[in-house]
Amino acid sequence: MSSSIQNPGPSKIPCYGIWCVFALTIMLLPFFFTSRFSISLFSQIGISCVFALSYNMLLGQGGMLSFGHAVFMGLGGFIAVHALNLISENTLPVPLELLPLIGGLGGAFFGSIFGYLCCRREGTPFALITLGIVELFASGALMFPSFFGGEEGVSGNRMIKNTLTGFDFGSEIEVYFLIGSWTFLCVLCMYLQTQTPLGRLANAVRDNPIRASFIGYNPSHVRFLQFVLSGFFAGTAGGLFIIRYEIIAYDALGLVPSGNVLFMTYIGGVGHFMGPILGAILISILQLVLIHYTEAWQLYFGLLFMAMVLWAPGGLSWLLIVHQPVWKAGLMSKLLPSYLQALATGLIFFLGLIIFIEINYHLSLSIEPGAPLELFGLVMDGHSVVPWSTAISCLILGLWLFRHSVKMVAAQWDAVMVIITKKTLER
Amino acid sequence: MPALTLNNLHKNFGKARVIHGLNLTVEKGERHAIIGPNGAGKSTLFNLISGLYPVSTGDITMNGRTISNLDSHLIHRLGLSRSFQVTNIFMGMSVFENIRCALLWPAGLGYSFWHLCGRLKGVNAKAEAIIETINMMERRDVLADVLSYSEQRTLELGVTIASNPDIILLDEPTAGMSHSETEQAVALIRKVTEGKTLLIVEHDMSVVFDLADRISVLVYGNIIATDSPEKIRNNPAVQAAYLGSSIKTTTC
Ligand SMILES: Nc1ncnc2c1ncn2[C@@H]1O[C@H](COP(=O)(O)OP(=O)(O)OP(=O)(O)O)[C@@H](O)[C@H]1O
Ligand SMILES: [Mg+2]
């Protein structure tokens with residue numbers, strides 16, 4: 001019996017400390033980063049977190065690869081914006097603060113309709129059906145302009161009288177706190193859901209549907225309920241989106257935002273609850289920053305995605321987790337030199353890649369291809385040999401050095417693992 | 001009323017007739033073993049009874065109720081539980097979680113997403129008790145994937161009996177185990193199936209003759225004899241068809 005006391009195992013209720021830190025972070029962030037830009041970025045991150053976590057309810061927890069998750073966020077958003085307009089006409093007596101809930105119910109409603117269609121299958125057929133659903137909405141939305149608002153979309157105005165808190169939500173910070181509270185609530189609920197029978201069974205069905213049916217559960221049923229709940233939280237994210245942007249158009253239902261959430265979740269890591277949160281934070285920031293500097297931002301995203309799939313298939317959260325024992329053993333200093341070397345050589349390669357991509361983009365797609373290109377404060381002429389030869393030599397040299405340093409990293413890693421294994425054996 | 005009745009059961013895979021015209025009655029509370037050469041259709045028979053495969057023709061009744069072509073989870077809920085020839089547990093979960101998952105449906109929690117598993121005192125205590133029964137307390141929080149083979153088999157037995165089923169189907173529970181592991185496994189099977197109906201497929205004859213009240217011999221999709229161990233041992237038809245003369249030592 002003693003081992004059960006020493007080892008609480010994964011069944012324990014989470015420590016409350018983490019949640020307090022999380023809540024405090026949400027509360028204090030806007031006091032440290034006070035610019036309008038950062039506060040609106042935080043709102044965006046909050047929405048993305050909810051959306052990416054809802055996606056991981058399918059992908060990570062249930063093993064369901066969906067290509068159409070944005071449909072549920074989008075539909076939740078459309079329902080929320082119509083609800084918002086009804087509220088401002090005083091036909092719907094709901095305070096603004098509860099608008100995301102309406103979006104969520106909309107998401108769950110459509111989740112149950114489409115979940116019924118796709119959850120009887122798993123694996124590839126499931127993925128293909130979700131792809132069909134996206135296509136259905138991407139092309140069908142324009143046929144119903146009264147609901148989807150045609151090309152311009154549907155807009156609303158969040159500054160309405162009917163509120164619980166008395167704020168008028170005219171300022172960015174008030175919107176932030178509303179979105180932040182919902183984010184906290186949704187993240188908490190989605191975490192707790194992983195600890196419920198349905199949440200555990202979603203894992204079970206993902207790994208072994210046959211055994212799941214021999215402990216009394218219908219695998220399709222488990223998938224279906226998981227799908228509906230995931231649709232609920234996606235719809236909630238859609239409601240938050242309306243509060244933040246006050247407008248939504250048909251392209252919110254398309255393949256691009258669906259791909260984006262897959263991207264965030266995967267880069268953050270599907271194997272850990274924290275993963276999608278990390279992914280949402282990183283991708284939201286990168287997106288905003290990159291759009292500022294380059295037109296080719298989607299290309300860089302593609303490269304990042306490929307690099308992650310190749311070298312860190314478990315995502316950021318996985319990278320953190322595998323380093324935890326190293327950190328605890330105080331051996332990070334052994335790894336750092338090789339990491340820095342890999343970083344430096346990788347940067348050389350990446351620099352070559354950037355020059356290459358940017359010149360190409362400039363010559364083929366910019367408004368004035370004849371004009372010189374400015375990159376990192378340097379002026380480059382796309383028609384001279386210098387930038388091209390620089391790019392190519394950086395690429396070749398960088399790649400050669402990088403491959404070398406990757407071997408170094410691997411060797412150092414193995415050495416550190418040997419030390420850790422020895423230490424644990426001694427104990 | 002018998003626990004299981006199989007009546008004129010047929011199963012074809014395309015043109016291959018794997019089970020043809022099989023009849024079998026398993027009485028309540030008996031330990032019934034099925035023996036037969038490789039490829040005779042023993043696992044297929046289990047898959048038919050447990051609803052994993054649809055039957056081609058014929059019917060299966062459990063406690064007087066027709067269960068042929070019912071979904072596996074429904075058959076399980078009626079009180080039939082099984083293990084597989086190839087270990088079938090949740091490899092990504094700990095021993096404790098494997099057992100607890102098997103207890104959720106019987107505890108009436110269904111598909112609940114509003115109960116926290118950590119707070120289910122009754123279920124958790126029961127899971128502990130089952131782990132105690134299968135002697136795996138020391139391995140409680142170990143991932144199933146990293147258990148040794150015989151530990152995984154033991155865990156599967158635990159998962160199988162966790163829901164307190166009336167009828168238990170075990171498909172070669174000791175295959176691949178060493179001699180001492182087999183002895184322990186047999187003792188454990190005897191303990192956890194006390195008072196229940198057991199249907200077991202096993203190649204190890206010492207296990208079969210040790211455990212079984214009755215034995216059925218399955219050869220090429222048909223049962224050629226059902227009798228007490230003593231009579232099966234001396235049945236000339238059985239010896240000719242399957243066992244040869246080496247009945248006392250066969251452990252193929
Ligand atoms: N899903 C299937 N599709 C096609 N044929 C199958 C299928 N399952 C089993 N069979 C065939 O049915 C026959 C019986 O297989 P089964 O696994 O039931 O034998 P068994 O008696 O359990 O043998 P063993 O002692 O090797 O476990 C075999 O010839 C096998 O090839
Ligand atoms: Mg078999």
Side-chain angles (χ1 to χ4, degrees), chain A residues 1-15 57 60-63 108 119-120 188-230 232-233 270-271, chain B residues 50-52 71-78 80-84 87-107 109-120 123-124 127-128 131-132 137-142 144-145 156 159-160 162-163 165 169:
Chain A
M1 239 6 244
S2 64
S3 63
S4 67
I5 296 157
Q6 287 158 8
N7 264 333
S11 54
K12 271 273 146 94
I13 303 297
C15 24
M57 290 177 84
Q61 255 187 292
C119 288
R120 270 177 286 183
L188 181 63
C189 288
M190 281 187 268
Y191 177 75
L192 292 178
Q193 194 269 345
T194 65
Q195 308 294 315
T196 62
L198 182 66
R200 304 314 302 144
L201 257 300
N203 278 186
V205 167
R206 174 196 67 195
D207 294 341
N208 191 343
I210 290 184
R211 177 44 83 188
S213 62
F214 283 103
I215 56 172
Y217 284 89
N218 184 347
S220 329
H221 229 93
V222 172
R223 275 189 224 108
F224 171 76
L225 286 170
Q226 191 76 7
F227 197 92
V228 174
L229 285 182
S230 159
F232 174 82
F233 287 107
V270 297
Chain B
S50 61
L52 204 55
D71 281 342
S72 303
H73 61 276
L74 299 175
I75 295 176
H76 176 87
R77 288 177 200 170
L78 291 174
L80 182 144
S81 202
R82 69 167 291 184
S83 73
F84 290 78
T87 312
N88 189 320
I89 47 180
F90 301 117
M91 290 293 180
M93 292 184 185
S94 68
V95 170
F96 177 77
E97 281 232 63
N98 264 282
I99 301 287
R100 185 171 63 187
C101 270
L103 290 168
L104 294 173
W105 186 269
L109 288 154
Y111 299 92
S112 156
F113 49 88
W114 52 90
H115 291 92
L116 288 173
C117 290
R119 296 255 169 98
L120 300 170
V123 172
N124 290 334
E128 303 275 357
I131 297 173
E132 195 83 71
M137 217 48 194
E138 260 149 50
R139 310 291 270 163
R140 178 187 184 276
D141 296 314
V142 177
D145 202 23
E156 180 163 14
V159 170
T160 305
S163 59
L169 273 51

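The shown structure was predicted, so the numbers you read here are calculated from the model rather than taken from an experiment. Residue numbers begin at 1 in each chain, while the letters A, B, ... track the order of the sequences.
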- Query: Short question: side chain of A:Arg211, backbone of B:Ile89 - any donor-acceptor pair under 3.5 Å?
  - Reply: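 Side chain of A:Arg211 to backbone of B:Ile89, a donor-acceptor pair under 3.5 Å: no, none is there.
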
- Backbone of B:Cys101 reached by a side-chain donor or acceptor of A:Tyr217 within 3.5 Å: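 Here the side-chain-to-backbone pair does not exist.
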
Just verifying a value: how many Å separate [X] [atom1] and [Y] [atom2], rounded to the nearest 0.5 Å?
| X | Y | atom1 | atom2 | value |
| --- | --- | --- | --- | --- |
| A:Leu229 | B:Phe113 | CG | CZ | 4.5 Å |
| B:Ser72 | A:Ile215 | OG | CD1 | 12.5 Å |
| A:Asn218 | B:Tyr111 | CG | OH | 4.5 Å |
| A:Thr196 | B:Leu109 | OG1 | CG | 10.0 Å |

- Query: B:Phe84: what forms a ring pair (Phe, Tyr, Trp, His ring centres under 6.0 Å) with it, not counting sequence neighbours?
  - Reply: A:Phe214

Heavy-atom distances under 4.5 Å only: say whether [X] touches chain A with side chain, backbone, both or neither.
| X | result |
| --- | --- |
| B:Arg77 | side chain |
| B:Ser112 | both |
| B:His73 | both |

- chain A shares the most heavy-atom pairs under 4.5 Å, among B:Gly92, B:Gly110, B:Ser163, with B:Gly110

- Tell me, out of B:Asn88, B:Asp71, B:Leu104, B:Leu52, who's got the most heavy-atom pairs with chain A below 4.5 Å. B:Asn88

- Message: Counting heavy-atom pairs closer than 4.5 Å to chain B, which one of A:His221, A:Gln193, A:Gln226 comes out on top?
- Response: A:His221

- Message: Just so I understand: if I count every heavy-atom pair under 4.5 Å between each of A:Ser213, A:Gly199, A:Ala212, A:Gly216 and chain B, which residue has the most?
- Response: A:Gly216

